[in-house]
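Within every chain, numbering begins at 1; the chains are lettered A, B, ... in the order of the sequence lines, protein sequences first and strands thereafter. What you see is a predicted model; the values in this text were computed from it and never measured.
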Amino acid sequence: MSSAIAVEARRLTRTFGTFRAVDDVSFAVPRGEVFGFLGSNGAGKTTTIRILCGLLAPTSGSASVAGLDVATQAAAIKERVGYMSQRFSLYTDLTVEENLRFWGAAYGLHGARAAARRHWALEMADLTGRRRTLVRELPGGLRQRLALGAALLHSPPIAFLDEPTGGVDPAARRRFWGVIDGLAAGGTTIFVTTHFMDEAERCHRVALMHAGRLVALDTPARLKAAFGADTVFEVRSRSPQAALRILEGTAGVAEATLFGEALHVVLTTPDAVAAVHGALNGGGEAGAEIRPIPPTLEDVFMRAIAAAARADGGAAGDRP
Amino acid sequence: MRQTLRTLASILLKELLQLRRDPKILPILFVAPVFQLLILGYAATTDIRRVELAVADLDRTPASRRLLEGFTASPSFQLVAEVDSQEQLGPLLDRGEARLALTIPADFAARQVKGLPTPVQLLADGSDAAAGTIGLGYALGTLQLAAENAAPAGVELRPKVLYNPELVSRNFMVPGVLAMIIMVMTMILTAMALVRERELGTMEQLLVTPLTPGQIILGKLLPYALVGLVEILTALPIVLLHFRVPLRGSLLLLVVLCLPFMLCTLGLGLLVSTLSHTQQQAMMLAAFVFMLPQIYLSGFVFPIQNMPAAFQWVTYLVPLRHFVVILRGVFLKGVGLDVLWPQVAALLLLGTVILAAARARFARRLG
């Protein structure tokens with residue numbers, strides 16, 4: 001067992017009928033890393049996680065978790081991973097304490113160790129004073145942390161968190177990520193999916209999935225650096241709507257979106273900025289303020305997805 | 001092993017806690033069976049009491065009076081009308097005021113004296129076939145008795161009904177209702193509990209724990225087996241004390257033999273859950289595919305001997321059929337395992353096959 005690698009996928013593929021939910025995906029996650037897994041709904045994130053947790057068999061390729069093969073050693077993997085699914089998965093008609101007792105027993109914990117781990121989960125979730133509260137009466141943020149605590153009762157070295165902060169308010173999200181950082185600092189490998197870019201920024205590395213394939217994988221800083229300087233601009237003008245209409249038809253503009261009162265404009269090449277100036281001046285929006293800004297992770301992902309979509313189109317035969 | 005038992009105990013405890021927390025399930029568990037037993041105990045009876053009888057006695061002799069007394073003295077008949085002509089009987093039957101109409105011809109006494117056959121006419125309302133046939137049966141019995149009294153026959157037939165001498169249909173219907181309650185409760189509750197876990201997403205969470213599918217299934221079936229036993233113990237006092245159905249066999253044997261039947265119903269509940277995505281689907285599937293056909297084919301409502309041969313073979317696959325035989329055997333005949341072992345063996349076999357199939361489907365749905 002290579003102790004440095006917690007999770008590894010090698011050409012992992014899973015099909016449902018003719019649909020390739022996960023298509024030839026390879027990556028390796030070192031121990032203790034917070035690994036962000038991004039992509040739109042249906043991109044294959046949840047399917048990948050379910051394969052890695054031993055809930056689903058791969059169609060081809062292989063994967064190992066904690067050095068164990070997912071296809072043949074699923075039972076052993078289940079003792080070493082914590083899984084928090086997208087859907088809230090505690091019994092809402094049981095109390096906090098009853099849930100923790102049940103899930104502890106489900107993970108094979110009994111006696112003093114079970115009590116110690118329940119204590120840990122209650123502290124972590126800030127629920128020490130509410131152990132007799134029915135879970136359905138807890139606010140969303142607390143439920144989410146309780147679910148995390150329940151999924152990690154058996155102190156697994158690897159945690160798979162599938163959109164753990166969906167439907168949770170920003171303050172609760174920040175607290176949740178405080179817990180995740182603490183776990184990672186303690187050596188737990190965190191494999192997390194999210195739709196929030198601020199959460200993606202907090203990951204050590206992020207992977208982007210699109211249509212079942214991995215289209216980007218690196219640290220947030222390197223992904224943004226590789227995006228290239230001088231291609232993202234902020235445009236402020238008298239009428240942002242008018243400017244948006246003009247720029248949507250301008251060559252060299254990959255993307256223009258309204259962002260508050262300003263436009264967020266992504267160019268295909270740095271030279272295209274001249275065309276932007278020209279178009280705005282010619283379209284009656286002269287005097288617009290155009291300044292370069294650093295790219296966001298979202299810019300990176302939009303371009304990666306557009307490139308992947310173009311490659312798909314190319315495969316369909318519209319290139320010479 | 002100890003570890004496994006403790007884990008199972010935790011799942012059992014959790015399931016019972018959830019049952020206790022559900023404000024709607026407790027009345028369903030304990031009030032509904034009592035209610036069902038009372039309704040079916042009173043309604044599911046094929047005894048016809050006090051058949052409405054209209055008579056046209058055209059003879060009006062002591063001999064014809066004697067014949068009539070045979071009817072009026074019997075608790076089975078209620079004389080609703082005595083008319084002067086045969087024509088007046090028709091309207092009484094039409095309006096449903098009488099179910100049986102007896103005509104005694106004017107020469108009844110005269111023929112009897114001469115030793116000639118004495119025909120009488122009996123009309124029965126066949127629009128309610130069961131009631132009509134049974135009323136006709138009573139009447140024929142009464143007439144036969146009267147005929148024997150008038151001219152004692154050489155051969156005397158004295159039928160004797162065993163096990164249920166008064167042929168009280170409640171005595172064989174109520175044990176059947178008991179079987180239905182056990183079937184409905186254990187099958188539906190098991191199916192609903194499993195489907196609910198899938199709907200909530202907790203099933204997936206259970207599957208990523210080191211619990212094996214076998215443990216998860218056992219943890220789900222045991223609590224509902226317990227519920228089934230509690231149901232029996234709730235219903236039995238009503239059966240024995242209220243309806244006074246005689247229990248001629250062993251009470252302990254009766255309760256123990258519920259277990260092989262529940263093996264089948266719990267297994268079917270599990271099977272239903274693997275075939276349904278929502279609780280509504282589970283409910284419909286359980287009711288229409290697994291419960292109603294079982295009731296029809298169990299011999300509980302319709303006698304199996306009257307079914308076409310192919311259907312008679314199919315009934316051997318119906319767990320309820322074997323259990324109804326067991327219940328009636330223990331209640332009314334007072335027989336034990338020496339007689340009922342084929343039914344017990346059939347239930348054990350069916351239960352094992354059903355559970356194995358359901359478990360295979362359950363495991364396959366995971367990946």
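- Although no hydrogens or angles enter the test, the distance criterion places a donor-acceptor pair under 3.5 Å between the side chain of K45(A) and the main chain of G39(A).
- Side-chain N or O atoms of T188(A) include none that pairs as donor or acceptor with a backbone N or O of A184(A) at under 3.5 Å.
- Inspection of non-hydrogen atoms places no residue of residues 281-288 of chain B under 4.5 Å from chain A.
- In R6(B), the CZ atom is crowded: over 12 heavy atoms of neighbouring residues, nucleotides or ligands sit closer than 6.0 Å.
- Taking chain B as the reference chain and counting heavy-atom pairs below 4.5 Å, the highest number among G108(A), A106(A), S85(A) is found for A106(A).
- Residue L13(B) does not touch chain A at all, counting heavy-atom pairs closer than 4.5 Å.
- For the atom pair CG of L17(B) and CG of L12(B), the computed distance is 10.0 Å after rounding to the nearest 0.5 Å.
- At least one side-chain heavy atom of T278(B) sits under 4.5 Å from a side-chain heavy atom of E199(B).
- Residues R50(A) and E204(B) are paired through a salt bridge, judged by an N-O separation under 4.0 Å between the basic side chain and the carboxylate.
- At most 12 non-hydrogen atoms from other residues, nucleotides or ligands lie less than 6.0 angstrom from CZ of F35(B).
- Neither the backbone nor the side chain of I216(B) comes within contact range of chain A, judged by heavy atoms closer than 4.5 Å.
- For the set G219(B), P210(B), A9(B), the entry with the most heavy-atom pairs within less than 4.5 Å of chain A is P210(B).
- Neither the backbone nor the side chain of Q215(B) comes within contact range of chain A; no heavy atoms are under 4.5 Å apart.
- At least one side-chain heavy atom of V255(B) sits less than 4.5 Å from a side-chain heavy atom of L236(B).
- Under the 30°/60° scheme for interplanar angles, the aromatic rings of H154(A) and Y107(A) are found to lie parallel.
- Using a 4.5 Å cut-off between non-hydrogen atoms, no part of residues 264-272 of chain B approaches chain A.
- Residue L211(B) touches chain A through both its backbone and its side chain, counting heavy-atom pairs closer than 4.5 Å.
- Checking E199(A) against T165(A) by side-chain atom types alone, a donor-acceptor pair falls below 3.5 Å.
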Step-by-step side chain to side chain contact (heavy atoms under 4.5 Å, CB included) determination, L178(B) to F323(B)
CA-CA 10 Å; L178(B) 198 64; F323(B) 193 52; over 6 Å; no
Evaluate side chain to side chain contact (heavy atoms under 4.5 Å, CB included) for I217(B) paired with R359(B), printing each intermediate quantity in order.
CA-CA 8 Å; I217(B) 291 173; R359(B) 192 197 178 291; 3.5 Å; yes
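- Taking CZ of R20(A) as the start and OG1 of T59(A) as the end, the distance is 8.0 Å to the nearest 0.5 Å.
- At a threshold of 4.5 Å between non-hydrogen side-chain atoms, the residues F27(A) and V7(A) count as touching.
- A cation-pi contact links R14(A) to F16(A), judged by a cut-off of 6.0 Å to the six-membered ring centre and 45° from its axis.
- In this structure, chain B has no heavy atom under 4.5 Å from any part of A75(A).
- Applying the 6.0 Å contact sphere to CZ of R10(A) captures more than 12 heavy atoms from other residues, nucleotides or ligands.
- Remark: the E197(B) side chain and the T202(B) side chain contain an N/O donor-acceptor pair separated by less than 3.5 Å.
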Show your reasoning for whether salt bridge (charged side-chain N to carboxylate O under 4.0 Å, His left out) applies to R173(A) and E163(A).
CA-CA 11 Å; R173(A) 284 210 286 130; E163(A) 286 182 38; over 6 Å; no
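- For the residue pair D162(A)/T46(A), the side-chain donor-acceptor check at 3.5 Å is satisfied.
- By a heavy-atom distance cut of under 4.5 Å, L134(A), A151(A) are the residues of residues 125-152 of chain A near chain B, going up by number.
- A donor-acceptor pair under 3.5 Å is absent between the side-chain atoms of T47(A) and the main chain of V22(A), judged by distance alone.
- For a residue to count as touching a neighbouring chain, one of its non-hydrogen atoms must lie under 4.5 Å from one of that chain's; by this rule R21(B) touches chain A with the side chain only.
- Below 4.5 Å, heavy atoms of chain B meet heavy atoms from S89(A), L90(A), Y91(A), D93(A), L94(A), T95(A), E98(A), F102(A), W103(A), all part of residues 89-103 of chain A.
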